[in-house]
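Structure record follows, encoded as structure tokens.
Predicted model only: the values in this text are computed from it and were never measured. So you know, we letter chains A, B, ... as the sequences are listed, proteins then strands, and number each from 1.
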Amino acid sequence: MASFWQYANPKKFVETTDRLLPWLSGLALLSMGVGLIWGFFFTPDDFRQGSTVKIIYLHVPAALMAINIWLMMLVASLVWIVRRHHVSALAARAAAPVGAVMTVIALATGAIWGQPMWGTWWAWDPRLTSFLILFLFYLGYMALWAAIEDDDTAADLTSVLCLVGSVFALLSRYAVNFWNQGLHQGASVMRAGALAGDTQERVSNVYAVPLFVCIAGFVLLFIALVFLRTQTEIRARRMRALLARERLQ
Amino acid sequence: MELKVTDLSVARGGVPVLEGVSFTLRAGEALVLRGPNGVGKTTLLRSVAGLQPPLSGQVGLDRESMAYAGHADGIKATLSVRENLDFWADVFATDRVGKALAAFELDGLADRHAGNLSAGQKRRLGLARMVVTGRPVWVLDEPTVSLDVDAVAMFAWAVRAHLRDGGMALIATHIDLGLDEARVLNLGPFRARAPEPDDFDGAFL
Amino acid sequence: MELKVTDLSVARGGVPVLEGVSFTLRAGEALVLRGPNGVGKTTLLRSVAGLQPPLSGQVGLDRESMAYAGHADGIKATLSVRENLDFWADVFATDRVGKALAAFELDGLADRHAGNLSAGQKRRLGLARMVVTGRPVWVLDEPTVSLDVDAVAMFAWAVRAHLRDGGMALIATHIDLGLDEARVLNLGPFRARAPEPDDFDGAFL
Amino acid sequence: MIALLVRDMRLGTRAGGGFGLGLAFFLIVVVLVPFGVGPETGRLSGIAPGILWLGALLACLLSLDRVFALDWEDGSLDLLATSPLPMEAAVSVKALAHWLTTGLPLVLVAPALGVLLSLPVQGYVPLVASLALGTPALSVIGTFGAALTVGLKRGGLLLSLLVLPLYMPTLIFGAEAARRGAEGMEITTPLLMLAGITCGTIALLPFASAAVLRVNLR
Amino acid sequence: MIALLVRDMRLGTRAGGGFGLGLAFFLIVVVLVPFGVGPETGRLSGIAPGILWLGALLACLLSLDRVFALDWEDGSLDLLATSPLPMEAAVSVKALAHWLTTGLPLVLVAPALGVLLSLPVQGYVPLVASLALGTPALSVIGTFGAALTVGLKRGGLLLSLLVLPLYMPTLIFGAEAARRGAEGMEITTPLLMLAGITCGTIALLPFASAAVLRVNLR
Amino acid sequence: MMPDLGKYADAVLSSYGVSIVLLLVLVVASVRRARRVRAELDEVEQRVRRNG
Ligand code: HEM
Ligand SMILES: Nc1ncnc2c1ncn2[C@@H]1O[C@H](COP(=O)(O)OP(=O)(O)OP(=O)(O)O)[C@@H](O)[C@H]1O
Ligand SMILES: Nc1ncnc2c1ncn2[C@@H]1O[C@H](COP(=O)(O)OP(=O)(O)OP(=O)(O)O)[C@@H](O)[C@H]1O
Ligand SMILES: [Mg+2]
Ligand SMILES: [Mg+2]
């Protein structure tokens, strides 16, 4: 194996992912199915929240993905800026709609959850608010990609936007916290003691295990989707290049 | 001082349009680029002027010594002719506004708003800007569009004066400029050929 | 059908620029307007096309029979070449898109976004629009700007075809169009004279 | 006429054309409000109908300069003026295209944004009804303003300045209808007024716009 | 650099240049608010600081597309790029000119508009202070957005979409400072944060803007 | 088989419904676009090879 960067060659990338995709999508389907079915059918109701806890199997993975996909786009943009690998820019482009959908899912499930729990569809809680802002960033990012015709220019501009946007997204997170102290749960899943189960906020094992399976499922689904969509972008780009060259003659 | 362009390849919209263009321009020389519509003259000039990076090849001088004038003139309609030139004189830190006005017979129009000029008068103002820059290499894209015969002669005269001062000029045009001493480079033969079809590498081509 | 212009005076920005222009254009004829920069060719053509009212005088035909093409081409960068022409074909209720594409050799570019054309290709598209309109009088302001020799020949050919079909063409230009059969009208002598200084009437002039 | 509508819609929905951006702007204005005035639900729900109407108005306003300016700059407007299409028709079609790409999406998405501002339940129907009745007037009036300012380089702000006073009656009746609705009061009168304004502007303003445009073209 | 500033200010203040229009827009938005939300003094004075901040932000936003678009269209930007002026300097000067023609007048006129919205007495100083500290950040961030969208025909709405989320922290701290001030609370923390954001953006963003502009020019 | 969701059945079912529909839309759109682009590219590629 030469170097990791050989996969930055579009052709190599397409070949490799073509081989990986069936496995990945199978695994994603399997773990999402297992996690969601387990969560939906075979976990007990919470004593306070009743059956609404079941929403957690969608809400939390989607929320985590929404944030992490933006981080992945940030890394991909940096790779494009520093090393100018086209695949990297296209992967960022391919990931954005997935991230936007994840954000919408987190927002929608949260809103539906909020109705019975907080008595309102929407409250200007900092976590919720920063998700809304994140959604706006996704929208702007995708709109910029769509608006620019030249691929390399679009890649350059969107990656700078992603960079600057990340800084401002972080800033707004702090600003929002300062602005309003909220209703939303703390991040207990990611806390060290979560699985050990010795804090008050812990998510009990009954919920945690299927939750982790769901998270794994969402991650796998994301990877599969990004591979597929990046392939598509690569092909579309090559097609544009071929057509343009054809016209040249 | 000389402008040495070696083996330049340029692309527009991701598609290579010209390949392997080389020429040398010495102080006091002018080079006229010719070629059919769409061959890539504008693209080449923008690359030489440093506005877009070439695919490969070198441009011997950096952009600091070039003055570029493209299809658009950068004229502000709400400023007067003199104010337009004054601005560029300040930016380039020169004091040649008077000379420029005289060279293109704009004295009479100097206090007119540039928006109220006719097409040819606007173009004369755009060309007067080149005199103002004081840069040694003039890169001109179809400079004589909309100019009448007298104005074309003014232009030729201004270019000659510039060359006499040791300047250089690189001009793309379709029509006769009255600059008989200028060398002519036909870009037709440098048209980029399509690469092998299944050469599917990093650049998608 | 004939276009009879009698004693036309036109003004730009409130200042009269041309006075007493008269000419008659019969079916199958072309008239080339010449004159130095700023004499008022654009202003005259806009008046003839009905875009601005003349100071005095008559234009014998109404604007319904004219197709005008000015310095700007009205090309939509985000539509393809064919879509651009299709739109005008719909507006003018004609079906000459194929003919227009052929006349200016745009078939190869038909599916390209118009924003990605070179200056000359854009101009060709602008001229192709005239063919699409199917109007008898073509009013053209410097049509061959940025065109190469081949494209100028295409243009001359298209104008000849139009004249052969009983059309007329009124063209302002500084350069040679290769239309030797066209009559030439020099606008220099019609330049508006300054009015008497104390002729301070209702129009402030 | 249909050709012009199709072209305008196509230009609007092409990359960079701006379809959906009016929507996004609306969304953003509404999202910004709580940051400005604070997140308390009571305060928000009191001002929700007014803010939604204001947001719709501003989103409309912001997209007005697209109505003619592009066609002016590239010379299409000159060419349209010499075409067989009567100017009144062209102006009406432009207004319609503007409404279809801006007003209609706003109407459709307004309820969702009502949630964000905790609009009371009974307020949704009046809100949507008033927006549906009022936004066509906004487009037609805006087209008139755009025709007035078409020759000016970057007339954007001047345009806003001219059009906003003209928007006043529409805004007042529209916001009033939405507000009364949210408070559970009778809304037929303001809705009728709104409908009257809309019908009147649609019937009459295109003539004024066409006249103004002809003057601007010469 | 000074030449560019002088030219931009001159263009801005010439006929059709747009100076004062941002101001007028601000005025109109503020005047429209009572029509939207109803005229009760209590409700108005509660939302006054937020609305003034929002109005300032929107007025700023609306004038952003003037920053580069005109220079782009007539080719001046190409010529500036080949001039001895470094792009970073050009971008900073543009932002400064934008602030001088838009932000500064807004800061000066805000107290007068506070009266219209019955802003409590103790709220004036915090309002002006927060606007004075915050509007430069708005101009600099906006210039970045304008540089991003410069090549796009009528990028206006896309520009708003891109810039508004970036405005969020500034708006939150600014409006928070103004609101707390109006309620007689402590405002040093939000003002400090605001100052931090402004300094940070002024120091760093011009580099990003210049880079983006260079990409757009090629 | 269906678990008893109590009074929150609406909330739970609708959130599952919304999420699964959104995910399906995303997946189906991605796959369809992938198929289409792949087919188009193959066609173009063949044409280029024939001509080139
Ligand atoms: C639309 C609104 C909502 C958004 C955008 C949202 C966002 C998020 C995010 C980002 C997380 C991940 C936290 C982390 O682990 O770091 C999360 C977790 C969670 N959310 Fe929400 N949420 C919303 C509404 C709600 C509602 C209404 C409830 C229920 C009352 C809720 C309950 C939870 C729970 C229980 C977790 C797991 C917390 C943990 O990590 O233990 N969320 N949410
Ligand atoms: N995005 C794009 N994709 C493919 N080809 C493009 C794109 N943009 C421009 N081109 C083509 O690139 C070529 C070079 O254009 P350029 O403007 O350099 O030509 P030019 O020699 O200046 O022509 P003219 O004499 O008409 O001004 C043209 O054939 C044009 O159609
Ligand atoms: N507002 C104004 N006030 C005074 N004079 C004006 C105004 N606007 C234009 N002019 C002058 O009117 C004259 C006629 O302009 P016009 O554009 O018709 O000339 P033209 O013959 O088309 O020139 P060209 O060949 O350069 O295109 C010009 O001399 C111009 O300077
Ligand atoms: Mg060219
Ligand atoms: Mg002219």
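Chain B is approached within less than 4.5 Å, heavy atom to heavy atom, by E/T82, E/S83, E/P84 from residues 82-95 of chain E, ordered by number.
A heavy-atom distance below 4.5 Å is found between the side chains of B/L179 and B/I171. At least one side-chain heavy atom of B/L125 sits under 4.5 Å from a side-chain heavy atom of B/N84. Looking at E/L213 and E/F144, their side chains never come closer than 4.5 Å, going by heavy atoms from C-beta outward. In this structure, the side chains of B/L3 and B/M66 come closer than 4.5 Å at one or more pairs of heavy atoms. You'll find the side chain of E/L158 reaches within 4.5 Å of the side chain of E/L162, heavy atoms only.
E/H98 and E/S63 share a donor-acceptor pair across their side chains, judged by distance under 3.5 Å alone. No donor-acceptor contact under 3.5 angstrom links the side chains of B/D7 and B/S22, judged on distance only.
Contact annotation for E/L77: neither backbone nor side-chain heavy atoms come within less than 4.5 Å of a heavy atom of chain B. Using a 4.5 Å cut-off between heavy atoms, B/R12 makes no contact with chain E at all. For chain E, the nearby parts of B/L51 are the backbone and the side chain; heavy atoms of each come within less than 4.5 Å.
Counting only distance, with no hydrogens or angles, the side chain of E/T135 and the backbone of E/L138 share no donor-acceptor pair below 3.5 Å.
Between chain E and the residues B/Q52, B/R129, B/K76, the most heavy-atom pairs under 4.5 angstrom are made by B/K76. Put simply, of B/T133, B/V91, B/V139, the one with the most heavy-atom pairs under 4.5 Å next to chain E is B/V91.
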